[in-house]
Amino acid sequence: MLYIVSTPIGNLKDITLRALEVLKSVDLIACEDTRHSKILTSHYQISTPLTSYFEYNKITKGQYLLGLLKEGKDVALVSDAGTPGISDPGYNIIKLAQENNISITAIPGPCALINALALSGCPGEKFIFEGFLSNKGQARLARLRELAGENRTIVFYESPYRLLKLLADIREVFGEREVLCVREATKKFEEIKKDKAGALIEHFTKRHPRGEFVVILPALKSSPLERASI
Ligand code: SAM
């Protein structure tokens, strides 16, 4: 069985009892970075061996993991944070296992986009998740222009190094719309900032962006009253 196990996005206590049980009982844990996942397994005294499975070894390591699964071994897949397969290399091994009729189950838990959306106060019935936009300026702007007529809330992942560029591009395409930045969710320096794009650019120019970010562009008609009038 391949177990897709969601792990904390910051706070080590955000893990389910079932996730701990599975991580203790499987033969191997495949993770993006063994040093990173070791912090979690050591914290919970889990002695299951870890092996790296990341963007640059996903083909060879994928075949190795598939071999183990075919032999009847149990493997847990975890990512550095949150739910494997959401904007991380997990997707490839999940697809490979599916194609080879390996039993798969998921142990649900934290996911940065859902956490940020819940915090945002935006309607959660309909939204779109864009993950990381291209790091190439023209491609990023082109994608944002395609989204210009979108009525649903849009959720992006972004690195601190490109946050200001994303905010500037959002302002260029969407104008002075309200944007929400969720920084370091569940961690000591969690911060939720909602303001016009220009004001956020000013804020993060003065206070250099640090940590992990989810950026949300709320749907224009966001309040329950406004939505009732749609
Ligand atoms: N699989 C993960 C999930 O379930 O959300 C996402 C993996 S993706 C490689 C990492 C991105 O998720 C970060 O660059 C950031 O945009 C977002 N992220 C992860 N942890 C976060 C946190 N504690 N606060 C804000 N954003 C976070």
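Just so we're clear, the structure is a prediction, and the values are computed from it rather than from any experiment. Note that ligands are numbered from 1 as they come in the structure, with each ligand's atoms numbered from 1 the same way.
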Show every donor-acceptor pair shorter than 3.5 Å between a side-chain atom in residues 16-27 and any protein atom, with sequence neighbours excluded, or say none if there are none.
unit_1	atom_1	unit_2	atom_2	d
Thr16	OG1	Ala19	N	2.9
Ser25	OG	Glu21	O	3.2
Ser25	OG	Val22	O	3.3
Asp27	OD2	Asp74	N	2.7

**Message:** My understanding is that only residues two or more places apart in sequence, or in another chain, count here; which of them pass side-chain hydrogen bond (donor to acceptor under 3.5 Å, both in side chains) with Lys73?
**Reply:** none
**Request:** Could you tell me whether Glu125 and Arg152 have a side-chain N and a carboxylate O separated by less than 4.0 Å?
**Result:** no
**Asked** If you measure from the Lys or Arg side-chain nitrogens to the Asp or Glu carboxylate oxygens, is any gap between Glu190 and Lys187 under 4.0 Å?
**Response** no
Give every donor-acceptor pair under 3.5 Å between a side-chain atom in residues 108-124 and any protein atom, sequence neighbours left out.
unit_1	atom_1	unit_2	atom_2	d
Ser120	OG	Leu117	O	2.7
Ser120	OG	Cys122	N	3.0

**Message:** For the CZ atom of Arg140 and the CZ atom of Phe156, what is their distance to the nearest 0.5 Å?
**Reply:** 11.0 Å
Quick check on ligand 1: any N or O pairs to the protein under 3.5 Å? One line per pair.
unit_1	atom_1	unit_2	atom_2	d
ligand 1	1 (N)	Ala81	O	3.2
ligand 1	1 (N)	Thr83	O	3.0
ligand 1	1 (N)	Ile86	O	2.9
ligand 1	1 (N)	Asp88	OD2	3.0
ligand 1	4 (O)	Thr83	N	2.7
ligand 1	5 (O)	Ala112	N	2.9
ligand 1	5 (O)	Tyr157	OH	2.6
ligand 1	16 (O)	Glu158	N	3.4
ligand 1	16 (O)	Phe213	O	2.6
ligand 1	20 (N)	Glu212	OE2	3.4
ligand 1	23 (N)	Ile9	O	2.8
ligand 1	23 (N)	Ala185	N	3.4
ligand 1	23 (N)	Ala185	O	2.9
ligand 1	24 (N)	Ala185	N	2.9

